[in-house]
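Some notes on the structure that comes next.
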Amino acid sequence: MPSAVPPRPPAPPAPAELHARVLPWYAEHARTLPWRDPDCSPWGVLVSEVMLQQTPVARVEQVWREWLRRWPTPPDLAAEPAGEAVRAWGRLGYPRRALRLHAAATAITERFDGQVPATPEELRSLPGVGEYTAAAVGAFAFGVRAVVLDTNVRRVLARACGGTGQGAPSLTAAERRLAEGVLPHDPATSATWNVAVMELGALVCTARNPRCADCPLAPVCRWALAGHPAYDGPVRAPQRWQGTDRQCRGLLVDRVRSGTGPVPAADLAPVWPDAAQRDRCLASLLEDGLLEQVPGGYAFPA
DNA sequence: AACCCGTGGGT
DNA sequence: TACCCAAGGGT
């Protein structure tokens, strides 16, 4: 009988091997993005990170340039009405991010003397800045050694080290431990590692149709070596869209954005036939501070 | 912890 | 076409 070769799963690659493969790849393939310019201010980095929350790079670039030209520093933005931030947000989506960025600019102006703070702990205290964004701004703008765990990093580590096709539905303690374990000890190298793994996930180790033939980790990737097994973990419940409040709110805000002044209530009615839902969404937009009621109708907050 | 919050491009 | 996905955060 043929000697049974136990199909032992490959061990996760050592951190040093990951670094040796990913860092040179990044040096050659990194995109040139304006917020990666060494001269980009911490404020520019913060604005980019908030805009990039759930929004692709391609749609962010133009709006980011307009924002930074118009508001080069946090006090510049804080000096204007929040509604200006919402209007300038354009169609990036999740316009509450614009509101929170304006609130963050105000907090930076009042509590940090107009300077974006450098530590993830201080950054985390700003509106709209969560675990990921605080780590990213600390690392990319200030060279702080921080665990930057976005959807790209989680996917790359899940595949290369975990041998599974994707990360867990929500961030787990095990993923944090894994990411901390592979983070280079030297702060400067750790910052480059963070952006390099993110870039690999964005360009090569993509969610669908990963380009393993072009991946520097392919020879040591547990998922690739195992033959790209299908993901069999817990699945995230699909998000509905048609008929939801999100869709209704989006149309209402879009109607105000498309005009230059207050929009009369009568002009809001046609965008959503269900009057009850429309009224509820309008009330929630007022509650959120995304719109306000003025003599002429509804407008962005002045 | 599960759910809510926009938008547009790729497949 | 319908669905998936994108540098998440707040509650």
Side-chain angles (χ1 to χ4, degrees), chain A residues 26 30-31 33-36 44-64 86 89-101 103-104 123-141 146-156 165-173 175 179 191 194-203 205-211 231 234-258 271-272 280-281 284-285 287-291:
Chain A
Y26 180 72
R31 291 169 292 181
L33 300 171
W35 45 86
R36 286 186 186 158
V45 174
L46 173 58
V47 172
S48 79
E49 291 300 341
V50 175
M51 288 184 171
L52 287 163
Q53 291 168 3
Q54 301 288 282
T55 302
V57 166
R59 239 180 301 159
V60 163
E61 274 204 69
Q62 173 109 5
V63 179
W64 182 89
V86 176
W89 195 252
R91 306 187 60 82
L92 291 182
Y94 293 143
R96 292 193 293 189
R97 290 182 292 164
L99 224 43
R100 295 189 179 126
L101 208 35
L123 287 159
R124 187 71 178 73
S125 75
L126 300 172
V129 177
E131 176 179 341
Y132 161 76
T133 302
V137 174
F140 304 150
V147 176
V148 178
L149 257 183
D150 78 322
T151 184
N152 290 304
V153 177
R154 293 178 62 207
R155 184 175 55 250
V156 171
Q166 59 185 258
S170 58
L171 183 57
T172 66
E175 288 180 285
N194 280 323
V195 71
V197 180
M198 286 178 62
E199 192 76 336
L200 186 65
L203 298 182
C205 191
T206 51
R208 286 176 299 183
N209 307 325
R211 301 164 52 187
Y231 177 76
V235 294
R236 166 184 307 281
Q239 292 188 343
R240 299 273 178 260
W241 174 249
Q242 290 298 326
T244 62
D245 284 5
R246 289 166 70 192
Q247 185 185 24
C248 179
R249 285 165 54 108
L251 290 170
L252 290 170
V253 170
D254 187 55
R255 179 63 188 83
V256 175
R257 188 191 299 118
S258 67
V271 310
W272 197 261
R280 182 174 72 245
C281 288
S284 74
L285 289 168
E287 177 69 20
D288 289 348
L290 280 166
L291 296 180

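Because only heavy atoms are used, hydrogens play no part in the values below, and waters and symmetry mates are left out as well, while side chains stay in. In this text the structure is predicted, and so the values were computed from the model without any measurement. Lettering of chains follows the sequences in order, A, B, ..., and the numbering in each one begins at 1.
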A/Gln54 vs A/Arg97, side-chain hydrogen bond (donor to acceptor under 3.5 Å, both in side chains): CA-CA, chis, key distance, verdict: CA-CA 11 Å; A/Gln54 301 288 282; A/Arg97 290 182 292 164; over 6 Å; no
N or O in side chain of A/Thr133 less than 4.0 angstrom from C/dA7 OP1/OP2: no
Pair assignment for DNA chain C - dot-bracket with | for other-strand partners, Watson-Crick or G-U under 3.5 Å: .|||||.||||
Side-chain ion pair, A/Arg31 and A/Glu61, N-O less than 4.0 Å: no
Whole angstrom value for the distance that separates P of C/dA6 from CD of A/Gln239: 12 Å
DNA chain B contacts made by residues 44-55 of chain A, counting heavy atoms under 4.0 Å: A/Gln54, A/Thr55
Sugar-phosphate only, base, or nothing, as touched by A/Leu285 at under 4.0 Å among non-hydrogen atoms: nothing
C/dG10 OP1/OP2 closer than 4.0 Å to side-chain N/O of A/Arg97: no
Sugar-phosphate only, base, or nothing, as touched by A/Thr151 at under 4.0 Å among non-hydrogen atoms: sugar-phosphate
Sugar-phosphate, base or nothing in reach of A/Ala136, heavy atoms under 4.0 Å: nothing
Touch class at under 4.0 angstrom, heavy-atom based, for A/Val129 against every strand present: sugar-phosphate
Value in whole Å for how far the P atom of C/dA6 lies from CZ of A/Arg208: 8 Å
Touch class at under 4.0 angstrom, heavy-atom based, for A/Gly93 against every strand present: base
Touch class at under 4.0 angstrom, heavy-atom based, for A/Arg154 against every strand present: nothing
Touch class at under 4.0 angstrom, heavy-atom based, for A/Glu131 against every strand present: sugar-phosphate
Leading and trailing nucleotides of DNA chain B with any atom under 4.0 Å from heavy atoms of chain A: B/dC5 to B/dG10
Nearest-angstrom distance from the residue atom CD of A/Glu61 to C1' of C/dA7: 13 Å
Touch class at under 4.0 angstrom, heavy-atom based, for A/Arg240 against every strand present: nothing
Touch class at under 4.0 angstrom, heavy-atom based, for A/Asp254 against every strand present: nothing
A/Leu99 CG to C/dG9 C1', straight-line distance once rounded to whole Å: 14 Å
Gap between atoms CG and P, on A/Leu200 and C/dA7 respectively (whole Å): 12 Å
Pairwise C1' distance, B/dT11 and C/dA7 [rounded to whole Å]: 22 Å
Sugar-phosphate only, base, or nothing, as touched by A/Arg249 at under 4.0 Å among non-hydrogen atoms: sugar-phosphate
Sugar-phosphate only, base, or nothing, as touched by A/Arg59 at under 4.0 Å among non-hydrogen atoms: base
Sugar-phosphate, base or nothing in reach of A/Trp35, heavy atoms under 4.0 Å: base
